[in-house]
**Student:** 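One structure, as structure tokens, below. Some questions next.
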Protein chains: 2
Amino acid sequence: MLITINDQDPRPVYIQIAGQVKEQIQRGELKAGDELPSVRELAGSLGINMHTVRHAYSILRDQNLLVFRLGQQAKVASLRSQPAGTKEIATALNRQLDELLTEAFLLGLSADDFRNLINEKINQRKEQKK
Amino acid sequence: MLITINDQDPRPVYIQIAGQVKEQIQRGELKAGDELPSVRELAGSLGINMHTVRHAYSILRDQNLLVFRLGQQAKVASLRSQPAGTKEIATALNRQLDELLTEAFLLGLSADDFRNLINEKINQRKEQKK
DNA sequence: ATAACTGTTATAGTATTATTATAACACTTA
DNA sequence: TAAGTGTTATAATAATACTATAACAGTTAT
């Protein structure tokens, strides 16, 4: 669990932490059931307060990415246990995709350029899996 | 220029404004050279302070989306006049695309699912242009 | 020229949010 | 029982966001 705080980053610390943990989950570096460092431990190693870490974790719990149980460390949630369902998340994905497309076209990319870019990235991932 | 402030939104007002203006530029509702409402005018209609609007505009200027000239209202920048060049923006696009891909795959989408989704969206845009 | 607009800069004060500091509580595990 | 979890509560401090005024420098139209 490598978490760093960037003083130059204008975003609050708890957002930075939540973002980094989220990324590690999305990248598969943290898998369902994996334990996170305790709020006191992470806070200690980062030199910040316990509650700031807790705040970060709580946000991810609200997004159903983490699961808390009293007396135990926070764990990465299993994907199936997302009560929000795929529906809402899919709409979020749609929105993000729309934004990305407009941005790409703004940059002067053609539809084919974009398709090629996508294919490149997909192939990169396939190779990494090998 | 329809700009609204959502009190429920945890993000600061200047971020909300900057975000909405940015979206309108990306959607083509605001085109290069279009004038934005003056900071005093927009602030007045939103019931907020001049400097808050200015802060929002300044962020977009730093992103090379707006151009300021003393004595004149802020204008939407022409895309070619982005000194940062396509390079940095392209890396931002790359990063966003990576995040989106991981998120999509997390949701269980296959590579083909994703390609189909992209194609649908591209076709939607082509139809809108007609 | 002048009046009425622009954005710019400066200074200050207030309001809100983020962070820290302590402490006690409830629960789990060894 | 002891040492580790997250939880809750309260309070104080630090940092950020927002407002309030005012003056300045440039533009545009009268």
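We use all heavy atoms of the structure for the numbers below, so side chains are in, but hydrogens, waters and symmetry mates are not. Each chain gets a letter, A, B and so on, in the order its sequence line appears, and its residues count up from 1.
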**Student:** In whole angstrom, what separates Asn49(A)'s CG from dT10(D)'s C1'?
**Tutor:**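 Going from CG in Asn49(A) over to C1' in dT10(D) covers 13 Å.
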**Student:** Applying salt bridge (charged side-chain N to carboxylate O under 4.0 Å, His left out), can you list everything that pairs with Arg115(B), at least two apart in sequence or on another chain?
**Tutor:**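 So Arg115(B) forms a salt bridge (charged side-chain N to carboxylate O under 4.0 Å, His left out) with Asp112(B).
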**Student:** Could you walk me through whether Lys121(B) and Asp98(A) pass side-chain contact (heavy atoms from CB on, under 4.5 Å), step by step?
**Tutor:** CA-CA 8 Å; Lys121(B) 294 210 166 294; Asp98(A) 277 327; 3.4 Å; yes
**Student:** Can you tell me how far apart CD1 (Ile118(A)) and CZ (Phe114(B)) are? Round to the nearest 0.5 Å.
**Tutor:**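 Result: 4.5 Å between the selected atoms.
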**Student:** Between Gln24(B) (side chain only) and Leu2(B) (backbone N and O only), is there a donor and an acceptor less than 3.5 Å apart?
**Tutor:**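 Here the side-chain-to-backbone pair exists.
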**Student:** For Leu42(B) and dC18(D), what is the distance between atoms CG and C1' respectively, to the nearest whole Å?
**Tutor:**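 Distance, rounded to whole Å: 15 Å.
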**Student:** Looking at Arg54(B), is its backbone amide N or carbonyl O close enough to the side chain of Ser58(B) to form a donor-acceptor pair, meaning the two atoms are under 3.5 Å apart?
**Tutor:**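 Pair found, side chain donor or acceptor close to backbone of Arg54(B).
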**Student:** Once each nucleotide of nucleotides 2-8 of chain D is scored for protein heavy atoms under 4.0 Å, what B/S/- sequence comes out, 5' to 3'?
**Tutor:** --BBBBB
**Student:** Under 4.0 Å: is that the gap between some side-chain N or O of Thr52(A) and OP1 or OP2 of dT20(C)?
**Tutor:**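 So the side chain of Thr52(A) is within the cut-off, an N or O lying under 4.0 Å from OP1 or OP2 of dT20(C).
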**Student:** Atom NE2 of His55(A) and atom CG of Leu60(A): how far apart are they, to the nearest 0.5 Å?
**Tutor:**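 That separation rounds to 10.5 Å.
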**Student:** Return the CD1 to NZ distance between Ile59(A) and Lys22(A), rounded to the nearest 0.5 Å.
**Tutor:**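 Going from CD1 on Ile59(A) over to NZ on Lys22(A), the span is 10.0 Å.
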**Student:** Check the distance between dT20(C)'s P and His55(A)'s NE2 and give it to me in whole angstrom.
**Tutor:**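 My rounded result for the distance is 13 Å.
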**Student:** Estimate the overall bend of the helix from dA1(C)-dT30(D) to dA30(C)-dT1(D) from the end axes over five pairs each, rounded to 10 degrees.
**Tutor:**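 About 30° separates the two local helix axes.
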**Student:** Please answer whether the main-chain N or O of Ser110(A) pairs with a side-chain N or O of Asp113(A) as donor and acceptor at a distance below 3.5 Å.
**Tutor:**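 Yes, the answer is positive, given that a donor and an acceptor are paired below the 3.5 Å cut-off.
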**Student:** For residues 33-43 of chain A, run the donor-acceptor check on the side chains, cut-off 3.5 Å, and write out each pair with its distance to 0.1 Å, sequence neighbours left out.
**Tutor:**
residue  : atom : partner  : partner atom : Å
Asp34(A) : OD2  : Lys31(A) : N            : 2.7
Ser38(A) : OG   : Glu41(A) : N            : 3.0

**Student:** Round to a whole Å and report the spacing from CD1 of Ile48(B) to C1' of dA15(C).
**Tutor:**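 Going from CD1 in Ile48(B) over to C1' in dA15(C) covers 15 Å.
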**Student:** Throw together a table of side-chain donor-acceptor distances under 3.5 angstrom for residues 5-20 of chain A, partners on residues two or more places apart or in other chains.
**Tutor:**
residue  : atom : partner  : partner atom : Å
Asn6(A)  : OD1  : Gln8(A)  : N            : 2.8
Asp9(A)  : OD1  : Arg11(A) : N            : 2.9
Asp9(A)  : OD1  : Arg11(A) : NE           : 3.2
Asp9(A)  : OD2  : Arg11(A) : NE           : 3.3
Asp9(A)  : OD2  : Arg11(A) : NH2          : 2.9
Gln16(A) : OE1  : Asn6(A)  : N            : 2.9
Gln16(A) : NE2  : Asn6(A)  : O            : 3.2
Gln16(A) : NE2  : Arg11(A) : O            : 3.1
Gln20(A) : OE1  : Thr4(A)  : N            : 3.0
Gln20(A) : NE2  : Thr4(A)  : O            : 2.5

**Student:** Nearest 0.5 angstrom please: Ile25(A) CD1 to Leu65(A) CG, how far?
**Tutor:**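 Between atom CD1 of Ile25(A) and atom CG of Leu65(A) there are 5.0 Å.
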**Student:** List in numerical order all residues of residues 3-20 of chain B for which some heavy atom is under 4.0 Å away from an atom belonging to DNA chain D.
**Tutor:**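 Per residue number, the list reads Pro12(B), Val13(B), Tyr14(B).
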